[in-house]
There are 2 protein chains.
Amino acid sequence: MSKSTSRNTTIQDIAKELNVTAATVSRALNNHPRISEATRQAVAEVADRLNYTRNRVASSLRSGKTNVIGVIIPSAKINFFGSVVHGIETMANERGYNVLIYQSNEDTEYEKKGIQAFLSARVDGILASIAKDTRDISHYLDARDKGVPIVFFDRTNDDTSIPYVVVDDYKGGYLATEHLINQGYKRIAHVSGQQHLKIFAERLRGYKAALKAYKLPFEKELVFAGNVSIESGKEAVKHFLSLPEPPDAIFAVEDFTALGVIKELKENKIRIPEQFGVVGFANEEFDEHITPALTSVDQQTVTMGKEAFNLIMDMINKKVVRNVDNKKVILEPLLQPRASSQR
Amino acid sequence: MSKSTSRNTTIQDIAKELNVTAATVSRALNNHPRISEATRQAVAEVADRLNYTRNRVASSLRSGKTNVIGVIIPSAKINFFGSVVHGIETMANERGYNVLIYQSNEDTEYEKKGIQAFLSARVDGILASIAKDTRDISHYLDARDKGVPIVFFDRTNDDTSIPYVVVDDYKGGYLATEHLINQGYKRIAHVSGQQHLKIFAERLRGYKAALKAYKLPFEKELVFAGNVSIESGKEAVKHFLSLPEPPDAIFAVEDFTALGVIKELKENKIRIPEQFGVVGFANEEFDEHITPALTSVDQQTVTMGKEAFNLIMDMINKKVVRNVDNKKVILEPLLQPRASSQR
DNA sequence: GTGAAAGCGCTAACAG
DNA sequence: CTGTTAGCGCTTTCAC
């Protein structure tokens, strides 16, 4: 492969060409208010002719602002996060920001490395979804105390000093359960997720509240403690069908669990939705393509990303890092009724 | 929200503390060979105590290396690209690189903006998957001529001066078709994608080659010109079923097309795989969850990302930007047989 | 509206 | 093995 080419042109080069100083060129390029239209245009013309591209590294060093925000996600392979990143990057584009990404692989150690990398890169802010096995978030708080604003999305935590954007999981659980009740199902079960994660606990809470609102009894044996997997959906069905009085509907904590539920029900020749109703959570891509199509709760992932970006922009512009206004964005969950629950 | 905190500590601060110069501290932190173990440790200790984090912005400006690579993808929402990014970021992590992301939205103008942003950020290299409607890649070549190495992945182009990593689409098309032949299907049709995109043209070429190898005639009316969508799969089936002599199997250019094919076949009460075989391409997540499960060709997305990163690292280290070695990585497509094609 | 001067924090070349 | 010196390319006072 051949050698790379020569040095980039700088504002000095432009300055020389026009017999002005670099400061003037800088002002012209940055649309400084007190610069004459004539020089602005002359500079633009020469910059274009010399094929100039601003060196953001130098400008960042001088100004103390990088126009970069860092995003920490568990994995780019997971649909949900890809979709949120899409929202973040779209907003960032509009506002002239660049987006660095870092994967935690659900591991606190990687999370720390990511934060360290972002601090070194002097990002203007950090957006993060906490790794599943992270309980202590002091590494985030340390970064915050170093002056970097942080906003959590989806996976958050009880610390109120950090703004966050989440979907209303409680309401989502409520809506899902209510929908099954309205469709005439009488004994509604729930396959839950790990309860130390707030999002899953909230969905269970919503399930309970809906039962109560419609004067249906809450029965402990109708909640199966799953772990967010196809397998746990299958096991839940096996368990429920072995009960003396089995349920006739299941609200699963998320779509893969619901998928397992559907597979196992089919295995047992139970007709969905006639004999048994199923609702999931997340509105995964496959939901509308399986048979029967799966009713689910949409989490507005793209909006989540956009709102998270807006929150961090706000903090950056106001030069604040602690959430003393107690800012947060709670998105509405959207029920997507499909065949699996409508009779 | 409360105010942000004070100034970051610098190598000057550490130097003062130890009565050495900044240069020594810099060397110690960078594990320069000719530095005494004693000072190295002393520096490490003070750096730790003062809570020092290296300012990569400054070091990039001085050294001319940012340790950042830029990645241009059509959209982070698309599974395939999320998965490739996962591979890229995983390698980058290991090698101490950061990853900047930019979405082209399949639009050449955004693509240009992305390249411009990356040039400004002085990234050490660019990995890109070309937008669908981009035919002229001169914006990439311009960046290359400015000294930034570029590697394409998946969506590539005929310009041989840029290294790339792709899956062997020709072979994938061949394998898919051969599989249907081996399963005893006699008249095998193809729903194609936009032919100006090499990946789709290659799959068609593989289809033709397999027919030839097994001495089956190629019939023009058995190729439906689709546009990579569920809809085009449905239309293809309508077209094929209207033929005097309809086919008994379809190799679809990718999984969403195949999904449309399956939906329309079911609509017409045609039994899959007994009466009709279907094979897709991409091995999307939903493939194994639909009924019948869809046979597909896996593209090794994560490996693709890793290999792309390795190629760019190689160019960066050798300080070359043109692909005079004619480097490329061609990944093996992996057939994933499932219910939709096995009788 | 523009110039002069300084410096952001780091690394690299040259000494010794 | 360490110090000295210089400067990467830009922005930002402070002048005038």
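Keep in mind that what you see is a predicted model, and the values were worked out from it rather than measured. Note on naming: letters A, B, ... go to the chains in the order of the sequence lines (proteins, then strands), and numbering restarts at 1 for each one.
Residue contacts shown for B:S60 are absent, as no nucleic acid heavy atom lies under 4.0 Å away. Looking at heavy-atom distances under 4.0 Å, B:D13 makes no contact with the nucleic acid at all.
Listed nucleotides: D:dT11, D:dG9, C:dT2. Nearest to the side chain of A:T24: C:dT2. Taking every side-chain heavy atom of A:T10 into account, D:dG9 is the closest of D:dG3, D:dG9, D:dT11. Candidate nucleotides C:dC10, C:dA5, D:dC10 were compared by shortest atom distance to the side chain of B:S59, and C:dC10 ranks first.
Each of B:S63 and B:R34 was assigned the nucleotide of DNA chain C with the nearest heavy atom; the assignment lying further toward the 5' end belongs to B:S63. Map B:V20 and A:V57 each onto its nearest nucleotide of DNA chain D; the residue landing nearer the 5' end is B:V20.
In this entry the distance linking CD of A:E37 with C1' of C:dT2 reads 16 Å, nearest Å. As rounded to whole Å, 9 Å separates atom P of C:dC10 from atom CG of B:L29. Distance, B:Q12 CD to C:dC8 P: 8 Å, rounded to whole Å. When the P atom of C:dG9 is taken as reference, atom CZ of B:R7 falls 6 Å away, rounded to whole Å. Residue B:I11 contributes atom CD1, which lies 13 Å from atom C1' of D:dG3 at whole-angstrom precision. In this structure, B:N19 atom CG and D:dC1 atom P are separated by 20 Å, rounded to whole Å. Straight-line distance from the CD1 atom of B:I35 to the P atom of D:dG3: 8 Å, rounded to whole Å. A straight line from CZ of A:R62 to P of D:dC8 spans 16 Å, rounded to a whole angstrom.
Every residue two or more places apart in sequence or in another chain was checked for a salt bridge (charged side-chain N to carboxylate O under 4.0 Å, His left out) with B:D154, and none qualifies.
A close approach under 4.0 Å does not occur between any side-chain nitrogen or oxygen of B:S26 and OP1 or OP2 of C:dA12. Phosphate contact (OP1/OP2 of D:dG9, side-chain N/O of A:N8, threshold under 4.0 Å): absent. Between B:R54 and C:dT11, a side-chain N or O to OP1/OP2 separation shorter than 4.0 Å is present. Distances shown here put every side-chain N or O of B:N55 at or beyond 4.0 Å from the OP1 or OP2 atom of C:dC8. A:Y52 has no side-chain polar atom (N or O) that falls below the 4.0 Å cut-off from OP1 or OP2 of D:dG9.
Test B:I312, B:V329, B:V71 against B:F153 for side-chain contact (heavy atoms from CB on, under 4.5 Å) and you get one pass: B:V71.
Because its NZ or CZ atom is both nearer than 6.0 Å to the ring centre of B:Y164 and within 45° of the ring axis, B:K198 counts as a cation-pi partner of that residue.
B:S75 and B:E106 share no side-chain donor-acceptor pair at under 3.5 Å. Remark: the B:S60 side chain and the B:T66 side chain contain no N/O donor-acceptor pair separated by less than 3.5 Å.
Counting only heavy atoms from C-beta outward, the side chains of B:F309 and B:V99 never approach each other to under 4.5 Å.
Contact annotation: side chain of A:R40 to base of C:dG1, donor-acceptor pair absent below 3.5 Å. Side-chain atoms of A:R27 come within donor-acceptor range of the base of C:dG3, with a qualifying N/O pair under 3.5 Å.
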